[in-house]
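Note that ligands are numbered from 1 as they come in the structure, with each ligand's atoms numbered from 1 the same way.
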Amino acid sequence: MLIKDACLATMTEDGRYGLIADGAISIRDGRIQWVGARQTVPEYIMDDLADGAEAHDCGGRLITPGLIDCHTHIVYAGNRAAEFEKRLQGVSYQAIAKAGGGIAATVSATRAATKDDLIAQSLPRLRRLMAEGVTTIEIKSGYGLDTENEIKMLGAADALAERAGIRVQKTFLGAHAVPPEYAGRQHDYINLVCQEMLPAAYAARLVDAVDAFVEGIAFSVEQVEQVFDAAKKLGLPIKLHAEQLSHLGGAKMAAGKGALSVDHLEYLPPEEVADLAKAGTVAVLLPGAFYFLKETKLPPVHALRENLVPIAIATDCNPGSSPVTSLLLTMNMACTFFSLTPAESLRAVTLNAAKALGLQDEIGSLEVGKHADLVIWDTNNPADLAYNIGLNPCHRIMVGGKWQA
Ligand code: NIG
Ligand code: FE
């Protein structure tokens, strides 16, 4: 297939869109076979066209790589609107968690749901993201907190991929919170995570990476190190929720162990940014959670830039801290709250998001050999994606060379 008369934002150049004004892309076997200016389409592709290959005219529209939402908890049951009301009356997110609400509330609802319930409740959220150009999503477990229910969540994520025609990366987040039956026995729970839950989910082929939560309301750096060592034994990449509500040193530890990404980072001190740079760890910023928790402490964006740490952004879609199903709004918030440029925000949901998942050789830019995951937009200006609030210019998406409804 040849897609032509398009403005391409290839996202191959650092800090810029890598624009090709009158561009064309040829696709073969689900991958990008060739990309460049229309006048330079090679002879062999023109021959294929003469032999009946499909041609698609974009009418000058913008094409970007498919968007990647690299940090979500989109599979869950119920919601926490009542908790939102409490927080607006002045009760803090941590206080709600300590009183048995928060993550624990979603754990009860998720345990009570069947796998089919989970799929049915999560599908509208997933479709909403896809309608705005998302072609790859990372989905975490972490609301099951026992072997059976963590596997149920990850199985639902797998089924959603199939159902919706989207690429899904599954992350095991058994060390998200201490489940009620292990209250006061954190150490025993961490042993269960390492010795039983993670190996079982891995054996069921449901784990692409391992995540954890270092925080006062969750686990200590030492406990999570144990989880990461168990992940390493299985050859699995690691990532971490770190420095979201306080500075505990999780990001530094995770970078030291070669983490793919460290996520949230509002409380990361600028002097620890060099650790991320050294390890090639991606900083995943989550403006939806920053906004929804009314956080005022900003992540160290200036230091991240100075140290050339790749910045990704994601919705963090979850019922407690970020009930957000718009990656375009998230890009806008990254610009307004965190001072990213529109070009940085697009890179943060394409190539840098791919890096956060360890998939930078497969997706995230319009380059020969990568999967043909792309979005056609009803605009010719890539800055429009981060600029508009609530307007969805997505015209059509393609995943692996196939148009999706
Ligand atoms: O990314 N930080 C920990 N986990 C989620 C929130 C989970 C919840 O509140 O349900 C987050 O913000
Ligand atoms: Fe999260």
Side-chain angles (χ1 to χ4, degrees), residues 69-84 86-87 91-111 118 121-122 125 137-145 149-150 153 157 169-179 209-219 224 227 238-248 250-251 254 259-268 282-295 297 299 312-325 327 330 333 353 356-357:
D69 195 354
C70 68
H71 177 140
T72 87
H73 310 250
I74 204 170
V75 169
Y76 62 84
N79 82 26
R80 309 229 292 271
E83 180 181 308
F84 177 48
K86 267 196 203 151
R87 283 202 297 106
V91 189
S92 76
Y93 182 72
Q94 286 104 311
I96 289 168
K98 283 196 188 115
I103 294 173
T106 302
V107 170
S108 322
T110 302
R111 285 179 174 179
L118 284 180
Q121 291 190 41
S122 307
R125 296 189 277 266
I137 183 173
E138 185 254 17
I139 302 179
K140 301 175 195 296
S141 67
Y143 292 125
L145 307 188
N149 286 296
E150 288 289 291
M153 285 187 74
Q169 283 285 303
K170 299 180 292 296
T171 300
F172 174 82
L173 179 55
H176 192 197
V178 184
V210 175
D211 193 352
F213 188 18
V214 166
E215 194 54 69
I217 54 168
F219 298 99
V224 168
V227 176
I238 55 170
K239 38 183 54 241
L240 185 66
H241 285 71
E243 335 298 356
Q244 179 190 11
L245 309 166
S246 58
H247 172 232
L248 295 178
L260 283 178
S261 73
V262 287
D263 304 37
H264 285 289
L265 306 181
E266 281 87 339
Y267 288 80
L268 179 70
V282 177
V284 178
L285 306 182
L286 304 167
F290 173 91
Y291 162 78
F292 198 65
L293 296 182
K294 299 213 269 180
E295 181 58 72
K297 178 119 174 55
I313 57 174
T315 61
D316 193 17
C317 177
N318 78 70
S321 70
S322 187
V324 172
T325 49
L327 195 53
T330 304
M333 290 198 275
L357 300 175

Metal proximity, His71 vs the Fe ion (ligand 2), N/O/S cut-off 2.8 Å: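 Yes.
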Contact check: Asp316 to the Fe ion (ligand 2), N/O/S below 2.8 Å: yes
Leu245 and Tyr93: CA distance, side-chain angles, deciding distance, side chain to side chain contact (heavy atoms under 4.5 Å, CB included) verdict: CA-CA 10 Å; Leu245 309 166; Tyr93 182 72; 4.1 Å; yes
Lys297 NZ: over 12 foreign heavy atoms closer than 6.0 Å: yes
Test side chain to side chain donor-acceptor pair (under 3.5 Å) applied to Asp211 and Lys140, His176, Lys239, the passing residue: Lys140
Residue that, paired with Cys317, satisfies side chain to side chain contact (heavy atoms under 4.5 Å, CB included) out of Ile137, Ile139, Thr72: Thr72
At the Fe ion (ligand 2): angle between His73 atom NE2 and His241 atom NE2, to 10 degrees: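 That angle is 100°.
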Donor-acceptor under 3.5 Å (Thr315 side chain, Leu327 main chain): no
Residues in the immediate environment of ligand 1 (any heavy atom closer than 4.0 angstrom): His71, His73, Arg80, Tyr93, Ile103, Tyr143, His176, Phe213, His241, Gln244, His264, Asp316, Asn318, Gly320, Ser321
From CA spacing to verdict: side chain to side chain donor-acceptor pair (under 3.5 Å), His241, Asp263: CA-CA 5 Å; His241 285 71; Asp263 304 37; over 6 Å; no
Test item: Ile238 and Leu240 side chains (from C-beta on) under 4.5 Å apart, heavy atoms: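 Counting from C-beta outward, Ile238 and Leu240 never come under 4.5 Å.
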